[in-house]
Structure formats: structure tokens, C-alpha cells
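Here the structure comes first, spelled out in C-alpha cells, and everything after it is commentary.
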Amino acid sequence: MTAVARVRGFIAGRFEQLRVGLSSPGALPAPWTLADWEVEQGVTFRFAGAAGAHLEVDLERSDPGRPCFVRTRDFNVYFSLFGRRASALSPSEEALLGAVVGAIRAQERAFPALRASLPVVGEPPRSRVEVREVEAERALVAEAPGMYYLNPYVGCIFGCTYCYGIGRTAFVRDLGGLPQASWGRWVDVRINAPALLAREVLTEPPGTVRMSPLVTDPYQPLERRYRVTRRCLEVLRESDFTPVVLTRSPTVVDDLALFRTMPRLLVGVSIPTDDDGVRAVFEPSAPPIAERLAALKALRQAGLRTFAVAHPMLPMNAAALVEAVAPWVEAVRLGPMAEKAHIAPTYARAGFPEALGDAWEQDVAGALRAGFAAHGVPVNPTTEPWNSFR
Ligand code: SF4
């Protein structure tokens, strides 16, 4: 049985009451309905409301050290909103979340508490990597109408210390009965993703497809052996879908010839700091900043629609980052570090303890916005298709 199928089997047993309960008439306040759920990046339920409104609820293993919307016995509960900019919850959304959290708590009482093992972070970069070839059940995961994500791999050899995928994938490994492995030292290769995708693009409504948001990098070194990302892009090239590729790896330029045949493609590079010393502390196994900038420049000079992402914004010289990045991008996305207190020791090791404060981040964001604006580069654009990379 494949890893994904095994996790699905566990979920079906463990969460059957919850899923069925959330789907039953009257379980949710009108007009909300349970639209979808998946277990690839933690446990996610997606709800559809009026006028295209969508709200996503994510469950991760209960961890008192990490802030969340609500903590139940077994879970940290998070939510995401799609399709509107306001972050405050409407009364309708509050009612939905209240119903969902109530259902989760009721379901928990019927089961023993979840086993909780912890992932390891920061193992030496040259230690052995556990590579598994797994069969996925689907390639495209719908986030909201017209927005999908696709993971060619799960797990990431770059092993960034702050990666948001650490907690989510550790939770799924627990659910699947797998032992915990150090983040950055295991990768699941979703070998059938291109074949699945070829079928799905014939049946799903076209939209943007993000590769890859949270739990992997599509151009990590294993891509040279497996080419799952390349083969997925070849499928998308023949479809009406718009790929949005984001990576930290200069390996992305291997596919320049393919990219040139994909006029809708957006391709971006994560450059969260100009300082490679900072990069080496926060992202010890990821490619140096100079290599990423060279890749970004090559992509732009090839005539592609490029963007850069500084999310999170690591300690940096904002003016230097703007000068290095602005000539090679059509747009930029900035975002804060989530849960900074969780990795406070890393900030101290990098020699920037002051960057833990929100004020530091706001100052840097302001300087970056002004700098990119002076170059005519939009920051965090909300118009299609730029709103689809995060
Ligand atoms: S490259 Fe991305 S997915 Fe990989 S460890 Fe770093 S942040 Fe996580």
C-alpha cells in the first residue's frame, strides 16, 4: 500500500465521524458546505460559502508552543480565508468556525489521544537522505475556485530551519504510522503525479497551479534524477492551466527551454535576504543567494515572467536586496516570519536578535516597498495571475 493510501485509510477511520458530520444537513450554518478535504499537508477541510467565499481549516498536531486559532485536545486549529483582503472574520465565518471546532471536539472524545512524536530539525546536511517513491491519489488540490496547488514531491532536502512544512508533514507521518525523520533528510517522490495530472487537466476547471507552496521545493536536487516537476509542467503546457513555479534552487534553469514554450508561466525565486551569512544560518542546506540571483537573472533574460519572494523576510540590508532583485522581476511578494518566537535561537545565532520584534519587520517591509516602488515593481499585487503566488 502506498504511503498516501495508508494515511487516507487512517484518516477514513479516524475522521469518518467528523467528515460525515460536517457534511450532514444542518451541521454547518447556512450557506456553508464542506467542499473538499485532503491530508497531503496536514489535515485540511475546505468550506464553500456564498458568492464564491471559501474558508479553509487546517489541523496540525496539538502544540502549546505554537500560536493557533484554537487548540483542542489533539489539534492546533488554523484557518485561511480566500477571495477577500479583510482578515477579520465576518459573523458568518465565526459561526462556521464555531461549528467546525465543536465538531472536532466532539469527535476527539470518541478516540484515544493522538500519539505525538516530534520532528528533528538541524541534522548535519551531509547525513543520509531517506528517499521513497510513493503513489499519490491526486495531483491537483483545489484551494479555491480557479486556484490549485501541486506537490511533485513531499519533504525537502533544503531543510530550512523555519519551514512551515515541518509541523505539517510530521503530523502526516504520525498519522501514517511512519517514524519521524529529521526535516531535510527525507523526501517522498510522487512518481505518478504527471500521469494523474494528465487525467485531471481534462476534467478540472482551468486555473492557476502553484508548484509548490509549503512542503517541498520543486527543483530540489532530486528533480535531476526524477524530473517529476518537469513532466508535470509538460502536461500543463498542453492544457489551459497557468503554472506558477517557486523555488530556491538554481536547478530551475535546467528547464529554460521548456519555459520558453509556456507563455502563461510565472516563475519565481525565493530570496529572503541579501546576506548569505544569514542564509547559511536559517537555510543551511539551501543554495547560496548569489546562485539564486543568477538563476533569476537568467530566467528574466530568457524573456520569462518572473517574480521574487521574500517570505519570510530574514535579516537583511533592504536597499541591497532591492538593487539586486528589482531589475529581474515583474513583481515581488513579501511576508512576515510566522511564529518567530519558535525559532528565536536561530535569530540569535544569525546575530540579529532584534529582528525578532515586529517593529523590525515592519521597518524592513516599509523599506522594501519603497525601494521596489521606486523601480516600478509592484509588491504583493492582488490582480490575476500575481495573486496566486504566496
Ligand atoms: S526550500 Fe521551501 S519547502 Fe524546502 S525546506 Fe526551505 S522553506 Fe521548506
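First listed ligand is number 1; within each ligand, the first listed atom is number 1. Bear in mind that the values here come from a model prediction, so they are computed numbers and not experimental data.
- Of all the atoms in ligand 1, the ones that sit under 4.0 Å from a non-hydrogen atom of F158 are 1 (S).
- Contacts of W183 with ligand 1, taken as heavy-atom pairs under 4.0 Å, involve the side chain alone.
- Checked for salt-bridge contact, R224 and D254 meet the test: a charged N lies under 4.0 Å from a carboxylate O.
- Among the atoms of C160, no N, O or S atom is found under 2.8 Å from atom 4 (Fe) of ligand 1.
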Verdict with supporting geometry, T216 and N151, side chain to side chain donor-acceptor pair (under 3.5 Å) | CA-CA 7 Å; T216 197; N151 289 320; over 6 Å; no
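- Separation of atoms CG (L265) and OG1 (T208) is listed at 12.0 Å; rounding is to 0.5 Å.
- Residue L197 holds its CG atom at 7.0 Å from OG of S239, rounded to the nearest 0.5 Å.
- In summary, the atoms of ligand 1 found under 4.0 Å from a heavy atom of T216, numbered by their order in the structure, are 3 (S).
- At the shortest separation from atom 2 (Fe) of ligand 1 among protein heavy atoms lies R248 NH1, 3.4 Å.
- Note that CZ of R66 is 3.5 Å distant from OH of Y78, once rounded to the nearest 0.5 Å.
- Nearest to atom 4 (Fe) of ligand 1 by heavy atom, out of G159, C156, C163, G155, is C156.
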